[in-house]
Student: 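Next up is a structure, given as structure tokens.
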2 protein chains.
Amino acid sequence: MGTTQLQSVPEPKYWHLKTVIGEALDSEFQVGQILPNERELAARFGVARATLRQALEQLELEGRLQRRRGVGTTVAPPRVGVDVSTAQHRWPGTGDDSWQAVDCATTPPPAAVLRLLEADDTDPDTGTGASRPVYAVRRLRATHGQALAAEQLYVPAASVPGLVTDESLTGPALARGVLRELERLPLEGQDRSVELGSARADDAKELDRLPGAPVLVVTTRYLSGGRTAAVSVATYRADTCRLTFGDVGDLQIAS
Amino acid sequence: MGTTQLQSVPEPKYWHLKTVIGEALDSEFQVGQILPNERELAARFGVARATLRQALEQLELEGRLQRRRGVGTTVAPPRVGVDVSTAQHRWPGTGDDSWQAVDCATTPPPAAVLRLLEADDTDPDTGTGASRPVYAVRRLRATHGQALAAEQLYVPAASVPGLVTDESLTGPALARGVLRELERLPLEGQDRSVELGSARADDAKELDRLPGAPVLVVTTRYLSGGRTAAVSVATYRADTCRLTFGDVGDLQIAS
DNA sequence: GAGTGGTCTAGACCACCAT
DNA sequence: TGGTGGTCTAGACCACTCA
């Protein structure tokens, strides 16, 4: 038959929808403005609700929309630039009030973290358990009342020799005590990695997201005295955060 | 009625599924092994295919699974650590064969990039167009034949004054020429940001993914002579890449 | 051509938030 | 209590890969 194929390789509907809605966001909507609900939007575009949701999910992933159950879908503000630079060799949170210590436990860290912590602990000496227990400090990072990240900072006891382990020290106070002692160590370097993950239930709750929400997982190894003095696993909200590594230093400051 | 509520707040089925399958991956499967197809898995777990797919999507997002249309679902290898460190003040790809120049065009860059390029171009002098045209160099980064990232490197003409603009220079050759000239500039610093994005159609094709696939967008501003000499926008496959910022430097090398 | 994952539908019910 | 987004179902068809 001589029917000419107008769209030989048609793009998926949800992809086209995403483009259309994305353009509408630029031209017709303002930050914070509420969109029509999903059922109406689906009807308006003549698609099933599931298809519309696929488009909205993409836009939310890109940080352009914010959806909250029971409330609605709103236009998200531009992503917040969050400094996670490694240029200044400082302990995390030093001279920076954006981190807040929340709790501290001594539950054994996950196997992956243990590998990082004990990689250089097993070789030099014979004993392995010298650095136990490992303090697990829980911290939150926020700006303008908005939760950005939840962190689990693992500190082996060997890194905080001066810590008084008084039993009366409860969670938050113990957390601050561990941090205070940690800052006394000379920080010699750090290496860091960033990868995509999905929020565990506890992280999700503190980040005001649903479990499984996309997060940027920043893993940092802090080095002091040739050893791994601490390991931090921080999960940043991927929808609202843009991680910045301001490496410019002197040049930027001079201008 | 006296029916006791066994699960007062039951977690979503797909979340539970994800956990179960994830544990199975650890204990019963090997990297590269192929899973039963989605219809069978859904039947085996007694859920709809869409629900099963929600769990698989999460596992793929976390880099634990790899799905390919027409082929099947396989167990993914651990993520590749990709160095994107800013510690060495070098131009991208110098002394590193993982980047390969593909093409070069002079199409105007997107507005967001233009803002970065011309921020310090408008103030000092009166003229603005001094740095036009802007070369858009296209490069790919790969290891072991596996595409990791696609980059768009924007270089204002002002940054490569020695470039001979012969019309016979085709795309790839022009790209290499621009890079060669760029490397002659003294690199004074760079700042960088990482955020979550979804792959544009062209990036997706070169990364062997579907459009919309999650990517880590690394934006870098290269500074030379107090100016922004180039801007790079690189999209890394979020499922297979873990970006590493090896800041340890001397200490790590010495050990 | 058989089998895979990708897209899409038209419903239903649930958890949550505001009023 | 009404409205929102979140979950789930049971189908259907399509695009792709490979033998």
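Reminder, nothing fancy here: chain letters follow the sequence lines and each chain counts from 1.
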Student: What are the two closest non-hydrogen atoms of B:Ala76 and B:Gly63, and how far apart are they?
Tutor: CB-O, 3.4 Å
Student: Rounded to whole Å, how long is the line connecting atom CD of B:Glu38 with atom C1' of D:dG11?
Tutor: 15 Å
Student: Send over the distance from B:Leu41 CG to C:dG5 C1', rounded to a whole Å.
Tutor: 12 Å
Student: Output the rounded distance in Å from CG (B:Leu35) to C1' (C:dG3).
Tutor: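 Distance, rounded to whole Å: 16 Å.
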Student: Send over the distance from A:Glu57 CD to D:dG5 P, rounded to a whole Å.
Tutor: 13 Å
Student: Reckon B:Asn37 has a side-chain N or O less than 4.0 Å from the OP1 or OP2 of C:dG3?
Tutor: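 So the side chain of B:Asn37 is outside the cut-off, no N or O lying under 4.0 Å from OP1 or OP2 of C:dG3.
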Student: What pairs meet the side chain to side chain donor-acceptor pair (under 3.5 Å) rule with one or both residues in residues 72-82 of chain A, with sequence neighbours excluded?
Tutor: A:Arg79-B:Glu195
Student: List, one per line, each side-chain donor-acceptor pair under 3.5 Å for residues 43-51 of chain A, sequence neighbours excluded.
Tutor:
residue, atom, partner, partner atom, Å
A:Arg44, NH2, A:Glu40, OE2, 2.7
A:Arg49, NE, A:Glu38, OE1, 3.0
A:Arg49, NH2, A:Glu38, OE1, 3.0

Student: Tell me which pairs pass salt bridge (Lys or Arg N to Asp or Glu O under 4.0 Å) where either residue lies in residues 207-216 of chain A, with sequence neighbours left out.
Tutor: A:Glu60-A:Arg209, A:Arg209-A:Asp239
Student: Using the test side-chain hydrogen bond (donor to acceptor under 3.5 Å, both in side chains), find all partners of B:Glu57 that sit at least two apart in sequence or belong to another chain.
Tutor: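 None.
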Student: What nucleic acid atoms does A:Leu56 come within less than 4.0 Å of, heavy atoms only: base, sugar-phosphate, or nothing?
Tutor: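 If one applies the 4.0 Å heavy-atom cut-off, A:Leu56 turns out to touch nothing in the nucleic acid.
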Student: Rounded to whole angstroms, how far apart are CG on B:Leu59 and P on C:dG5?
Tutor: 14 Å
Student: May I ask you to decide if the ring planes of A:Tyr236 and A:Trp99 are parallel, tilted or perpendicular, using 30° and 60° as cut-offs?
Tutor: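 Geometry flag for A:Trp99 against A:Tyr236: perpendicular rings.
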Student: So do the side chains of A:Val82 and A:Arg141 get within less than 4.5 Å of each other, counting heavy atoms only?
Tutor: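 A:Val82 vs A:Arg141: side chains touch.
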Student: Check the distance between C:dC14's P and A:Leu210's CG and give it to me in whole angstrom.
Tutor: 18 Å
Student: Take atom CD1 of B:Ile34 and atom C1' of D:dC18, then tell me their distance rounded to the nearest Å.
Tutor: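 That distance rounds to 12 Å.
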Student: If I compare all heavy atoms of B:Ala101 with all of B:Arg139, which pair ends up nearest, and what's the gap?
Tutor: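 Scanning both residues, the minimum pair turns out to be CA-CG, 3.7 Å.
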Student: Quick check: any donor-acceptor pair below 3.5 Å linking the side-chain of B:Arg39 to the base of C:dG5?
Tutor: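 Pair found.
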Student: Measure all distances between protein nitrogen or oxygen atoms and nitrogen or oxygen atoms of nucleotides 8-10 of chain D, and list the pairs falling under 3.5 Å.
Tutor:
residue, atom, partner, partner atom, Å
D:dC8, OP1, B:Lys13, N, 2.2
D:dC8, OP2, B:Tyr14, N, 3.2
D:dT9, OP1, B:Lys13, NZ, 2.9
D:dT9, OP2, B:Ala48, N, 2.9
D:dT9, OP2, B:Thr51, OG1, 2.4

Student: When the distance from CG of B:Asp208 to P of C:dG6 is rounded to whole Å, what number comes out?
Tutor: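 Rounded to the whole Å, the gap is 12 Å.
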Student: To the nearest 0.5 angstrom, please state how far the CD atom of A:Glu23 sits from the CG atom of A:Leu25.
Tutor: 10.0 Å
Student: Residues of residues 60-77 of chain A with any non-hydrogen atom less than 4.0 angstrom from an atom of DNA chain D: list those, numerically ordered, please.
Tutor: A:Arg67, A:Arg68, A:Arg69, A:Gly70, A:Val71, A:Gly72, A:Thr73
